[in-house]
**Student:** 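Handing you a structure now.
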Amino acid sequence: MPSIPDRVLAAADALADEAVAFASSLIRIPTVNPPGELYAECARFIGDTLAASGFETEYHPADGRPEHTRSHPRLNVVGTRRGRRLHPLVHLNGHFDVVPAGGGWTIDPFGGEVRDGRIWGRGSCDMKAGLAAAVFAAEAIRRAGVELNGTLEISGTVDEESGGFAGVAWLAEQQRLSAARTDYVIIPEPLYVDRICIGHRGVYWFEVETCGRIAHGSMPFHGINAVDHMGIVLDRIRRDLQPRLAGRTTAMPVVPDGARHATLNANGIAGGQAVDGIQTPCVADRCRAVFDRRFLIEEGFDAAKGEILELLDGVARDTDDFKYAIRDLMVVHPTRTPEGSPVVTALDRALHRVLGRSGGLVASPGTYDHKHVARIAGVPHCVAYGPGILDLAHQPDEYCDVSDLMSATKVIALAVLELTGTLPEGKPC
Ligand SMILES: [Zn+2]
C-alpha cells in the first residue's frame, strides 16, 4: 500500500484539469475591487465547490460595515471539513477580489484563457490560482481516501486589495478566525512557488497639511504660500530623510531587495486652486499631501512617526510663519511569523518533497491579510505560501503557470497532512 503522502500526490496529479478549470472559472467572475463586483456570485461558486468536496459551508456577510451595501454586498465564505478531531485546525484563506484590469492587455483579462501551460487573466496570479490550490489540495486528500486527524477550513474572503476590513478582519472580529479555534493559517498569495512568506513591513499613511494665508497674487508678500511651504517639506524629505531611510535594512527577508529598506513615497499632493479650474490671483493658503511610509519591524511605528514630526518641527524652526497639521490615515504594524513555527517547518518539508528544493523564507514588500490573522485573530502561526510570481500581480497580461498551481496544490496538501498530525508518528512527509 503506498504511503499517505504518495496517495495524496497521485490524487493531486489526477485532478490537475479540474483545478485549472476551477481557477479559470474564478477568473471569469470579474470580482473587481473597487467597487467590489460580483462578490456574492463568487463566494457561492467557491462555496458550492467546497460543498462538493465534503465541506460544510457558511456565508458571512460583513453586516454593519459601511462598504457592505445592497449593490455591492461583502460576502465571505468559510468551509469546514472536520476530521477525527477538531484540533489541530488548519485554515487556508484566499481573497477573491481583484484589482481593476487597467490598460495594456493583449488578451481578455476576464476570459480565463488557458494557453501555453499558463492560466491568464486578472487575478490569475493574485490570487485565484492560490484559491484553486487550497480547494484542490483538500480535494486531493479526500480522493486519496485520507481522513485527517484534525480539521481543515478554507475561506474565500473579500476586499484584501482595499485593506481586508470586510473580509479577513471581519472574520477575525467575529471570532470566526481566532486563537481558540484556529491553530495554523496558510494564505496562498503569490510569493513564488518555492518560497514561504513570513510577514511584511509596517505601513504608515499620513497626510500633511501646510497652512498659509490668502492674499492677492500680484502682491504675494502680503500672504503666506502654503504650496511653497509644502515644497520645503518635500525638499527636506528628499535631501535629509530618504537617504537616512535607504540606509536602514531589516533583518526580515523582504523581497525584492530594494524593499528591505525603509521607504517613503508621496502618494499625492493638492494645494491652492484646482489647476483645471478658472484661475484667480490668489496666494495658496492651503496645501495637502499624502505620504506612504513603509517602516521596518526594527524601527517600530512610534519611531517612524516621531521622525516625521521631528522633520516638520525642524522646518517650522527654520521657516517663518510655517504652520502644519498632520493626520494619521492608516497604520499597519509589521508582522512576522515566530521563528521555528510548525507551519513553516511543514511547508518547508513539503517543498523539498514536491520540488526537491526550498527557496527559503521571504517577506512581502506590501501588506496582506496576515496582519489581521496575527493582530485581530491572535493566531501567530500564519504564513503566505502559494503559486505565482509576485511581480506579475496587478500587471497587464497577468498569468500563473499551471505547473506552479499543481506544485502549490501538492505542497499545501502535504503540509495539511503534517500539521493536522495525520502522518504516522515520526514519519513526516
Ligand atoms: Zn493578493
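Counting starts at 1 for both ligands and their atoms, in listed order. One is the number of the first residue; the rest follow in order along the sequence.
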**Student:** Can any side-chain N or O of Glu299 pair as donor or acceptor with the backbone N or O of Leu296 at less than 3.5 Å?
**Tutor:**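 Pair found, side chain donor or acceptor close to backbone of Leu296.
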**Student:** Hey, would you say the Phe45 and Phe22 ring centroids sit under 6.0 Å apart?
**Tutor:**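 Centroid distance Phe45-Phe22: below 6.0 Å, so yes.
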**Student:** Aromatic ring centroids of Tyr204 and Phe295 under 6.0 Å?
**Tutor:**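 For Tyr204 and Phe295, the ring centres are not under 6.0 Å apart.
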**Student:** I'd like to check the ring pair (Phe, Tyr, Trp, His ring centres under 6.0 Å) partners of His95; sequence neighbours left out, ordered by chain and number.
**Tutor:**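 With sequence neighbours excluded, His95 shows a ring pair (Phe, Tyr, Trp, His ring centres under 6.0 Å) to no residue whatsoever.
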**Student:** Which residues satisfy the side-chain hydrogen bond (donor to acceptor under 3.5 Å, both in side chains) test with Arg286, sequence neighbours excluded?
**Tutor:**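 Residues passing side-chain hydrogen bond (donor to acceptor under 3.5 Å, both in side chains) with Arg286: Glu209.
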**Student:** How many N, O or S atoms of the protein are nearer than 2.8 Å to the Zn ion (ligand 1)?
**Tutor:**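 There are 4 of them.
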**Student:** side-chain hydrogen bond (donor to acceptor under 3.5 Å, both in side chains) with Thr57: which residues, sequence neighbours excluded?
**Tutor:**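 Not a single residue meets the side-chain hydrogen bond (donor to acceptor under 3.5 Å, both in side chains) criterion with Thr57.
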